[in-house]
Undergrad: 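Below: one structure in structure tokens.
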Amino acid sequence: MEIIEEKNNIRLRALDSFVPKHIFECGQSFRWNFDGMGYIGVVGDKVMRVVEDGKDIIFEGCNVDDFYDTWIDYFDLDRDYGSIRSKLIEFDSIMKKATVFGYGIRLLNQDPWETLISFILSANNNINRIKKTIENICMIYGDKILWRGQEYYTFPSPTILANSDIDTLRRCGCGYRDRYILETAKKVVENEAKLYSLRMLSYDEAIDFLLKFSGVGPKVADCVALFSLGKYEAFPVDVWIKRIVEALYFEREEICKEDIKRFASNKFGDYAGFAQQYLFYYARENHIGNG
DNA sequence: TTCCAGGTATGCA
DNA sequence: TGCATACCTGGA
């Protein structure tokens, strides 16, 4: 990867395995939106647009300091995804197709707190409404950022949400999950450092801790573990991945979620999380598992 | 009008 | 422990 500093931009040349559409539409994040030119997102207190320019990737509105301080880790740029795909291809022909199709996927290292709240909101919900609700929460409780003439908002801290109220959260569109958000925020505030130290614990220890939060079950805990704690053995099983695995591996036979997870853990081991993302993107884009 | 959407909490046997 | 059921809400 060659890093070229341009005026207000960072240009990345010869960057392997990086396709914005693959990264932002494989189900791992809710705050990146395509604006016709690229994907704009808010991470921490930074706004950036990711644009494809031929074989280059441009991080618009990014300086060198931010690139090294924030974005290398966020986009997992130090990891060799080519070797991950090579490893996955060894498992079976299904994974081969999925990794060839979604060759530009990367797992983002997102903020655990934001990921926790976002996926609590995802329960029994649809993606458009989840995104809208998160934006509402940020507009009401976050800090305003002006970026190229447009207003963006940070994701509010645990303390701010812990001091919020049910009625306002309900008006943001949380629905019955408002109570889970408030209870979880209060619990996180009691020991915020612990949430950020889960990265150092084992997968099982991290999951045990996450399951104690209100509104967090096995699926949400796995999403937080995979998308913000670097627990790549996690394999979140939602209704989509359940249908996808049934369609691709079990000739559409009905399998319970626990058995799907067990199957994936046994088969893919420490690569389960990567496998989940390639499978999810491949199947969703090709309408596999839709019935 | 009814049903469904990236699950979880709750009550009951 | 295992199963059934309710749950906000907006769009199809």
Side-chain angles (χ1 to χ4, degrees), chain A residues 21-33 98 102 105 107-108 110 114-137 139-140 161 164-188 207-229 231 234-248 254-262 264 272-291:
Chain A
K21 180 178 161 61
H22 297 178
I23 293 170
F24 300 127
E25 294 184 18
C26 66
Q28 60 181 325
S29 67
F30 298 106
R31 290 206 78 195
W32 289 90
N33 295 300
I105 286 175
L107 264 74
L108 302 171
Q110 302 182 72
E114 182 174 333
T115 307
L116 176 62
I117 297 301
S118 298
F119 280 93
I120 287 175
L121 285 169
S122 76
N124 194 26
N125 209 341
N126 64 66
I127 292 174
N128 283 338
R129 215 161 74 82
I130 299 162
K131 291 178 94 165
K132 204 170 285 178
T133 302
I134 292 171
E135 283 316 306
N136 289 339
I137 289 174
M139 275 174 68
I140 289 178
L161 282 196
S164 65
D165 63 277
I166 287 284
D167 291 341
T168 311
L169 287 172
R170 182 61 64 98
R171 281 199 297 279
C172 288
C174 297
Y176 62 88
R177 306 163 199 84
D178 53 6
R179 184 168 59 86
Y180 305 154
I181 303 287
L182 198 54
E183 287 172 4
T184 293
K186 286 177 177 170
K187 195 160 184 169
V188 167
I207 292 292
D208 283 347
F209 182 80
L210 290 167
L211 287 174
K212 295 192 176 87
F213 289 110
S214 181
V216 176
K219 192 266 178 179
V220 172
D222 257 350
C223 285
V224 176
L226 181 59
F227 302 140
S228 72
L229 299 174
K231 303 301 176 199
F235 191 89
V237 182
D238 56 33
V239 290
W240 283 102
I241 207 74
K242 178 177 181 300
R243 288 178 204 149
I244 289 163
V245 171
E246 285 168 353
L248 293 176
E254 176 100 23
I255 312 285
C256 73
K257 286 182 177 181
E258 291 76 15
D259 286 346
I260 299 264
K261 189 169 163 54
R262 212 166 292 127
F274 297 107
Q276 197 262 16
Q277 289 293 277
Y278 289 109
L279 282 174
F280 186 88
Y281 183 73
Y282 170 67
R284 284 299 295 268
E285 294 290 313
N286 292 288
H287 308 288
I288 295 166
N290 286 6

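Below, read A as the first sequence line, B as the second, and so on, with proteins coming before strands; counting in each chain starts at 1.
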Undergrad: Does the C/dC8 base have a donor-acceptor partner in the side chain of A/R129 within less than 3.5 Å?
TA: yes
Undergrad: Just to verify, which of A/P236, A/S228, A/C223 counts as forming a side-chain contact (heavy atoms from CB on, under 4.5 Å) with A/F119?
TA: A/C223
Undergrad: Using the C1' atom on both, measure C/dC3 against B/dG6 and round to a whole Å.
TA: 23 Å
Undergrad: Is a side-chain donor or acceptor of A/R284 paired with a backbone partner of A/E25 at a separation under 3.5 angstrom?
TA: no
Undergrad: Flag the pair A/K242 and A/E246 as a salt bridge only when some basic side-chain nitrogen lies within less than 4.0 angstrom of an acidic carboxylate oxygen.
TA: yes
Undergrad: When you get a sec, tell me which of C/dG11, C/dC8, B/dG6 is the closest nucleotide to the side chain of A/K132?
TA: C/dG11
Undergrad: Where the side chain of A/R179 is defined as all heavy atoms beyond and including C-beta, which of B/dT10, C/dG11, C/dC8 is the nearest nucleotide?
TA: B/dT10
Undergrad: Nearest-Å distance, NZ (A/K219) to P (B/dA5)?
TA: 14 Å
Undergrad: Would you measure the distance from the P atom in C/dC8 across to the matching atom in B/dG11 and give it in whole Å?
TA: 14 Å
Undergrad: At under 4.0 Å between heavy atoms, what does A/G217 touch on the DNA or RNA strands: base, sugar-phosphate, or nothing?
TA: sugar-phosphate
Undergrad: Within the side chain of A/D178, is there an N or O that forms a donor-acceptor pair under 3.5 Å with the backbone of A/C174?
TA: no
Undergrad: Given B/dG6, B/dA5, B/dT8, which nucleotide is nearest the side-chain atoms of A/F280?
TA: B/dG6
Undergrad: Could you check how far CG of A/N128 sits from P of C/dG11, rounded to whole Å?
TA: 9 Å
Undergrad: Rounded to the nearest Å, what distance is computed from the CG atom of residue A/N125 to the P atom of nucleotide C/dG11?
TA: 12 Å
Undergrad: Would you check if the distance from the ring center of A/F213 to the ring center of A/Y180 is below 6.0 Å?
TA: no
Undergrad: Starting at atom CD1 of A/I134, determine the distance to atom C1' of B/dG6, rounded to an integer number of angstrom.
TA: 12 Å
Undergrad: Using a heavy-atom cut-off of under 4.0 Å over every strand shown, decide if A/G27 touches base, sugar-phosphate, or nothing.
TA: base
Undergrad: Could you check whether any side-chain N or O of A/Q110 sits under 3.5 Å from a backbone N or O of A/Q28, counting only pairs where one atom can act as donor and the other as acceptor?
TA: yes
Undergrad: A/R284 CZ to B/dG6 C1': how many Å, rounded?
TA: 8 Å
Undergrad: Do A/Y176 and B/dG7 share a donor-acceptor pair, side chain to base, under 3.5 Å?
TA: yes
Undergrad: Pick the closest DNA chain B nucleotide for A/D238 and for A/G215 by heavy atoms, then say which residue is nearer the 5' end.
TA: A/D238
Undergrad: How close or far is atom P of B/dA9 from atom NZ of A/K212, stated in whole angstroms?
TA: 14 Å
Undergrad: For the backbone of A/T115 and the side chain of A/S118, can you confirm whether one donor and one acceptor N or O come within less than 3.5 Å of each other?
TA: no
Undergrad: Within this structure, what is the CD1-to-P distance between A/I127 and B/dG7, rounded to whole angstrom?
TA: 10 Å
Undergrad: Give the ring-plane orientation class for A/H22 versus A/Y281, where under 30° counts as parallel, over 60° as perpendicular and anything between as tilted.
TA: tilted
Undergrad: Quick one: A/E258 CD to C/dG2 P, roughly how many Å, whole number?
TA: 9 Å
Undergrad: On DNA chain B, compare the nucleotides closest to A/Q276 and A/Y180; which residue's is nearer the 5' end?
TA: A/Q276
Undergrad: Could you write out DNA chain B as dot-bracket? Rules: Watson-Crick or G-U wobble, both distances under 3.5 Å, brackets [ ] for crossings, | for pairs with another strand, dot for unpaired.
TA: .||||.|||||||
Undergrad: Of the options B/dA5, C/dT9, B/dG7, whose atoms approach the side-chain atoms of A/R170 most closely?
TA: C/dT9
Undergrad: Looking across every strand, which nucleic acid part, if any, lies under 4.0 Å from A/P236 by heavy atom: base, sugar-phosphate, or nothing?
TA: nothing
Undergrad: State which of C/dC8, B/dA5, B/dT8 makes the closest approach to the side chain of A/R177.
TA: C/dC8
